[in-house]
Number of protein chains: 2
Amino acid sequence: MLKLTRKVEYALIALQHMHGKAPGDITKAKEIAQQYTIPLQLLAKILQQLAREKIVEPVQGPNGGYRAKVPLGAISLTEFVEILEGPMGLVDCNIDSDCIQLHQCNIRLPIQRVNNTIKSVFDNLTLAQITGDEAGNKPS
Amino acid sequence: MLKLTRKVEYALIALQHMHGKAPGDITKAKEIAQQYTIPLQLLAKILQQLAREKIVEPVQGPNGGYRAKVPLGAISLTEFVEILEGPMGLVDCNIDSDCIQLHQCNIRLPIQRVNNTIKSVFDNLTLAQITGDEAGNKPS
DNA sequence: ATTAATACGACAATAATAGTCGTATATGTT
DNA sequence: AACATATACGACTATTATTGTCGTATTAAT
């Protein structure tokens with residue numbers, strides 16, 4: 001419960017890896033898949049999705065791969081998660097709101113408040129803070 | 001993703017309902033199930049679990065049901081969720097930590113920090129703030 | 001006795017997540 | 001031109017987590 005999906009994890013690992021290189025450098029999906037033991041096909045599809053979203057730039061053909069494109073400080077964790085997984089919410093009625101209960105529901109508003117708190121944590125976190133190398137990101 | 005389970009939702013609805021009554025009053029599972037359109041058997045099992053955890057007191061036989069027991073201000077959302085769903089963490093290595101990656105993982109510590117932030121939101125929220133009737137919990 | 005409630009293990013159904021396969025397309029190298 | 005190696009992507013399968021059901025036992029008021 002309340003877990004990140006592997007899709008998001010893999011995407012973060014990939015971005016972190018790519019941004020560890022010199023700007024403009026190309027990274028192959030295979031390289032990441034091997035280094036972090038991620039199924040290649042799955043990772044490939046994730047990178048393709050990031051490419052469609054212009055977060056990464058694809059380069060085809062041999063010597064191809066992906067190039068970091070958007071500065072990670074420009075993407076919030078909320079945006080990122082929602083790009084990969086769709087709208088985020090602790091509860092369905094935070095998203096679509098066709099629920100049998102709704103009018104008789106006695107926890108809707110309080111949960112909505114909790115949801116907003118969580119969401120603002122994610123809103124205020126940039127990917128740079130997760131994949132970047134600021135304080136705290138040292139080996140234990 | 002990042003959703004509460006129905007189990008948790010149903011449990012919160014039930015507690016909120018029970019705590020809306022006079023102290024000592026008994027509530028039947030059936031009553032809650034009907035009012036909020038929750039499958040009776042499922043709700044029953046959840047209430048039984050809350051009874052085992054001493055959050056609620058069971059009363060058997062006809063005219064039986066459950067009686068609110070623990071003051072809701074005394075239970076954090078973290079405790080509650082973990083009672084119902086087991087340990088909570090954005091990522092498995094926040095919980096058990098047998099992961100093929102681990103040593104080579106490049107996002108472990110940063111994710112752990114995010115996890116701690118979320119967790120502290122839940123730690124600092126009591127059920128009273130969710131099921132109780134303080135500010136904000138009015139019909140929209 | 002009967003009835004209406006909880007207790008609970010085992011099972012079944014559904015849905016979400018994770019992963020695979022096949023095939024097409026692009027492009028550098030020979 | 002042929003080949004090798006990369007991305008692109010839809011369709012499929014497998015696995016796991018969640019949600020819900022069933023059957024049966026127990027308790028206790030009437």
Side-chain angles (χ1 to χ4, degrees), chain A residues 1-11 13-14 18 25-34 36-67 69 81 84-92 95 99-100, chain B residues 1-11 13-14 18 25-34 36-67 69 81 84-92 95 99-100:
Chain A
M1 209 201 121
L2 283 175
K3 275 219 274 276
L4 258 34
T5 61
R6 294 225 185 281
K7 203 168 161 183
V8 170
E9 288 182 46
Y10 294 160
I13 289 173
M18 293 173 68
D25 272 17
I26 284 179
T27 308
K28 291 183 285 191
K30 196 177 176 186
E31 170 186 333
I32 300 175
Q34 285 176 344
Y36 303 97
T37 326
I38 298 172
L40 172 59
Q41 306 267 31
L42 185 52
L43 178 63
K45 294 215 305 188
I46 292 167
L47 287 166
Q48 284 156 28
Q49 193 171 352
L50 294 180
R52 280 193 298 271
E53 301 288 344
K54 316 284 186 203
I55 288 173
V56 118
E57 182 189 2
V59 180
Q60 287 201 327
N63 309 329
Y66 298 90
R67 197 178 278 133
K69 197 176 176 188
V81 162
L84 291 170
E85 304 287 356
M88 205 176 70
L90 283 183
V91 143
D92 283 337
I95 299 165
C99 172
I100 358 168
Chain B
M1 208 200 120
L2 283 175
K3 275 219 275 274
L4 257 35
T5 59
R6 294 224 185 282
K7 203 168 160 183
V8 170
E9 288 181 48
Y10 294 160
I13 289 173
M18 292 172 68
D25 272 15
I26 285 180
T27 309
K28 290 182 284 190
K30 197 177 177 185
E31 168 187 334
I32 300 176
Q34 285 177 345
Y36 303 98
T37 326
I38 298 171
L40 172 60
Q41 306 266 32
L42 185 52
L43 178 63
K45 293 217 306 190
I46 293 166
L47 288 166
Q48 283 156 28
Q49 195 171 351
L50 295 180
R52 279 192 298 270
E53 302 288 344
K54 316 284 186 200
I55 288 172
V56 118
E57 182 190 2
V59 179
Q60 287 202 328
N63 308 330
Y66 298 89
R67 199 179 275 133
K69 196 177 178 188
V81 162
L84 291 170
E85 304 286 356
M88 205 175 70
L90 282 182
V91 142
D92 283 339
I95 300 166
C99 172
I100 357 168

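Convention: sequence-line order gives letters A, B, ...; per-chain numbering from 1.
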(request) For residues A/Val56 and A/Tyr66, report the shortest heavy-atom separation together with the two atoms involved. (result) CG1-CD2, 3.4 Å
(message) Rounded to the nearest 0.5 Å, what separates atom NZ in A/Lys28 from atom CG in A/Asn63?
(response) 7.5 Å
(request) Report yes if the side chains of B/Asp92 and A/Lys3 come closer than 4.5 Å at any heavy-atom pair, otherwise no. (result) yes
(request) Calculate, to the nearest 0.5 Å, the distance between atoms NZ and CG belonging to A/Lys69 and A/Leu50 respectively. (result) 11.5 Å
(message) Tell me the interatomic distance from B/Arg52, atom CZ, to C/dA7, atom P, rounded to whole angstroms.
(response) 9 Å
(request) Have a look at B/Tyr10 and tell me which of B/Ile38, B/Leu47, B/Leu84 forms a side chain to side chain contact (heavy atoms under 4.5 Å, CB included) with it. (result) B/Ile38
(message) How many whole angstroms separate atom OH of A/Tyr66 from atom P of C/dT27?
(response) 14 Å
(request) Measure across B/Met88 and A/Leu2 and return the closest heavy-atom pair with its distance rounded to 0.1 Å. (result) SD-CD1, 3.7 Å
(request) Would you mind telling me which residue lines up with the more 5' stretch of DNA chain D, A/Ala29 or B/Val8, judged by nearest nucleotide? (result) A/Ala29
(message) Tell me whether the side-chain N/O atoms of A/Tyr10 come closer than 4.0 Å to OP1 or OP2 in C/dA18.
(response) no
(message) Distance check needed: C/dT6 C1' versus B/Gln49 CD, whole Å only.
(response) 15 Å
(request) Return the value, rounded to whole Å, for the distance between atom CD of B/Glu31 and atom P of C/dA4. (result) 16 Å
(request) For DNA chain D, find the residues of residues 55-63 of chain B with a heavy-atom distance under 4.0 Å and give them by number; none if there aren't any. (result) B/Gln60, B/Gly61, B/Pro62, B/Asn63
(message) Measure CD/A/Gln41 against P/C/dG19 and give the value in whole Å, please.
(response) 12 Å
(request) Compare every heavy atom of A/Leu40 with every heavy atom of A/Ala33, then report the nearest pair and how far apart it is. (result) CB-CA, 3.9 Å
(request) Mind calculating the distance between NZ (A/Lys28) and C1' (C/dA26) to the nearest angstrom? (result) 16 Å
(message) List the residues meeting salt bridge (Lys or Arg N to Asp or Glu O under 4.0 Å) with B/Glu31, not counting sequence neighbours, and say none if there are none.
(response) B/Lys21
(request) Could you tell me the separation between the CE atom of B/Met18 and the CD1 atom of B/Ile55, rounded to the nearest 0.5 Å? (result) 10.5 Å
(message) On a heavy-atom basis, which atom in A/Leu4 and which in A/Glu9 lie closest, and how many Å separate them?
(response) O-OE2, 4.0 Å
(request) Under the salt bridge (Lys or Arg N to Asp or Glu O under 4.0 Å) rule, collect the residues that match up with B/Glu57, sequence neighbours excluded. (result) B/Arg67
(request) Scan nucleotides 11-16 of chain C nucleotide by nucleotide, 5' to 3', and note B when protein non-hydrogen atoms come under 4.0 Å of the base, S if they reach only the sugar-phosphate, - if neither. (result) ------
(message) Distance check, rounded to the nearest 0.5 Å: B/Gln48 atom CD versus B/Ile46 atom CD1?
(response) 10.0 Å
(message) Five pairs per end, C1' atoms only: what is the angle between the end axes of the helix from C/dA1-D/dT30 to C/dT30-D/dA1, to 10 degrees?
(response) 0°
(message) With heavy atoms of chain B within less than 4.0 Å as the criterion, where does contact along DNA chain D begin and end?
(response) D/dT19 to D/dT30
(message) Tell me the interatomic distance from B/Leu42, atom CG, to C/dG9, atom P, rounded to whole angstroms.
(response) 15 Å
(request) Find the distance between OH (A/Tyr36) and CG (A/Leu43) and round it off to the nearest 0.5 Å. (result) 11.0 Å
(request) Report the distance from atom NZ of B/Lys69 to atom C1' of C/dT6, rounded to the nearest whole Å. (result) 15 Å
(request) Can you measure from CE (A/Met1) to NZ (B/Lys7) and round to the nearest 0.5 angstrom? (result) 11.0 Å
